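I have placed the structure first, in the form of structure tokens, so that the comments after it can refer back to it.
Please read these numbers as outputs of a predicted model, since none were measured by experiment.
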Amino acid sequence: MPFQNPILWIHEEALGSRNPARLSWSNAPALFVFDTQWIEDAGISRKRLGFLYECALDCSVTLRKGDVAAEVIRFAERHQADGIVTSRPVDPRLQRVAAQIESQCPLEQLEPEPFVRLPRPPRLGRFSRYWREAEPVVWEGF
């Protein structure tokens, strides 16, 4: 059964205007959570945190920090949501968070439109590696 009153989980892979969850549910309350454990474990720089913060501000979302799954579920409960909508993550860490959320609340994961269609799955980890593979494909059409 389709949701009537969902909230949106906006994660770092979908902090833009083309987020399929935002496009499908433009008036739904949206949440972005700074994952404090990931920030500490991965040594995320202040520069990257600033970038994420600025992107989140442009997306008109509520900001929280802490355990992502717990914060998303609390946000859904606070809004009496009947489900959560997000874009399908590629990052295994975000996939695990999605599974945690889905174990406690209905979760719909929408397929994002890829920035570029690569001949093989992208190598995650560093943007520069991804961009070396993606840039030639991006410029093919010009």
Side-chain angles (χ1 to χ4, degrees), residues 1-77 79 81-142:
M1 178 160 98
F3 300 140
Q4 299 299 310
N5 184 41
I7 61 109
L8 307 180
W9 168 38
I10 309 297
H11 51 75
E12 55 266 22
E13 287 184 4
L15 277 170
S17 61
R18 302 300 306 158
N19 181 314
R22 180 57 89 189
L23 292 172
S24 296
W25 294 93
S26 60
N27 293 323
L31 176 70
F32 178 84
V33 181
F34 286 93
D35 184 340
T36 51
Q37 191 66 53
W38 171 66
I39 291 167
E40 184 179 316
D41 291 349
I44 303 302
S45 71
R46 285 193 174 121
K47 186 174 182 179
R48 185 165 179 190
L49 290 173
F51 173 75
L52 292 173
Y53 178 73
E54 288 178 6
C55 291
L57 289 179
D58 285 343
C59 292
S60 189
V61 297
T62 298
L63 299 174
R64 296 282 183 269
K65 67 176 184 172
D67 179 273
V68 178
E71 291 295 329
V72 170
I73 292 165
R74 267 195 288 276
F75 190 76
E77 290 169 351
H79 287 275
D82 59 353
I84 300 165
V85 181
T86 193
S87 64
R88 183 176 312 283
V90 175
D91 182 342
R93 178 185 64 84
L94 293 172
Q95 290 173 355
R96 288 189 299 274
V97 172
Q100 288 177 306
I101 292 169
E102 194 165 32
S103 72
Q104 297 183 49
C105 189
L107 177 67
E108 181 179 8
Q109 298 181 55
L110 304 176
E111 282 298 328
E113 184 65 32
F115 170 68
V116 63
R117 296 190 190 283
L118 297 175
R120 62 186 176 97
R123 293 181 297 161
L124 302 176
R126 301 214 38 94
F127 179 77
S128 58
R129 269 186 260 150
Y130 164 77
W131 188 241
R132 273 194 296 276
E133 295 175 21
E135 184 177 26
V137 179
V138 169
W139 296 113
E140 275 178 3
F142 292 95

Quick one: side chains of residues 106-114, donor-acceptor pairs under 3.5 Å with protein atoms, not counting sequence neighbours, listed by atom name and distance.
| unit_1 | atom_1 | unit_2 | atom_2 | d |
| --- | --- | --- | --- | --- |
| Glu111 | OE2 | Arg88 | NE | 2.5 |
| Glu113 | OE2 | Arg117 | NH2 | 2.9 |

Could you tell me which non-hydrogen atom of [X] sits nearest to which non-hydrogen atom of [Y], and how far apart they are?
| X | Y | value |
| --- | --- | --- |
| Ala30 | Ser60 | CB-O, 4.5 Å |
| Pro6 | Ala28 | O-CB, 3.5 Å |
| Ala134 | Val116 | CB-CG1, 3.7 Å |
| Gly16 | Cys59 | N-SG, 3.7 Å |
| Leu15 | Ala56 | CD2-CA, 3.8 Å |
| Leu118 | Glu133 | CD2-O, 3.7 Å |

Handout entry: Inter- and intrachain pairs under ring-ring contact (aromatic ring centres under 6.0 Å, His included), touching residues 5-24, at least two apart
Key =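 Residue pairs passing ring-ring contact (aromatic ring centres under 6.0 Å, His included), neighbours aside: Trp9-His11.
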Practice task
Can you run down the ring-ring contact (aromatic ring centres under 6.0 Å, His included) pairs that involve residues 35-70, sequence neighbours left out, and say none if there aren't any?
Solution key: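 Qualifying pairs: none.
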Taking the side chain from [X] and the backbone from [Y], do they hold a donor-acceptor pair closer than 3.5 Å?
| X | Y | result |
| --- | --- | --- |
| Asp82 | Asn5 | yes |
| Gln95 | Val90 | yes |
| Glu13 | Asp91 | yes |

Practice task
Sort and list the pairs that fulfil salt bridge (charged side-chain N to carboxylate O under 4.0 Å, His left out) and have at least one residue in residues 62-74, not counting sequence neighbours.
Solution key: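 Qualifying pairs, neighbours excluded: Glu71-Arg74.
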Practice task
Output all residues satisfying side-chain contact (heavy atoms from CB on, under 4.5 Å) with Ser45, sequence neighbours left out; order by chain, then residue number.
Solution key: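 side-chain contact (heavy atoms from CB on, under 4.5 Å) list for Ser45, sorted by chain: Lys47, Arg48.
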Handout entry: Non-neighbouring partners of Ser26 that pass side-chain contact (heavy atoms from CB on, under 4.5 Å), sequence neighbours left out
Key =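 Not a single residue meets the side-chain contact (heavy atoms from CB on, under 4.5 Å) criterion with Ser26.
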Handout entry: Trace of the side-chain contact (heavy atoms from CB on, under 4.5 Å) decision for Ile84 with Phe3
Key = CA-CA 8 Å; Ile84 300 165; Phe3 300 140; 6.0 Å; no
Would you give the length of the straight line joining atom [atom1] of [X] to atom [atom2] of [Y], rounded to the nearest 0.5 angstrom?
| X | Y | atom1 | atom2 | answer |
| --- | --- | --- | --- | --- |
| Leu52 | Ile44 | CG | CD1 | 8.0 Å |
| Gln104 | Ile73 | CD | CD1 | 3.5 Å |
| Leu23 | Leu8 | CG | CG | 10.5 Å |

Practice task
Mind telling me whether Phe34 and Phe32 have parallel, tilted or perpendicular rings, with 30° and 60° as the class edges?
Solution key: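 Perpendicular.
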Exercise for the section: Would you indicate whether the side-chain heavy atoms of Val61 and Arg22 approach each other to under 4.5 Å? Expected result: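 Yes, their side chains come closer than 4.5 Å.
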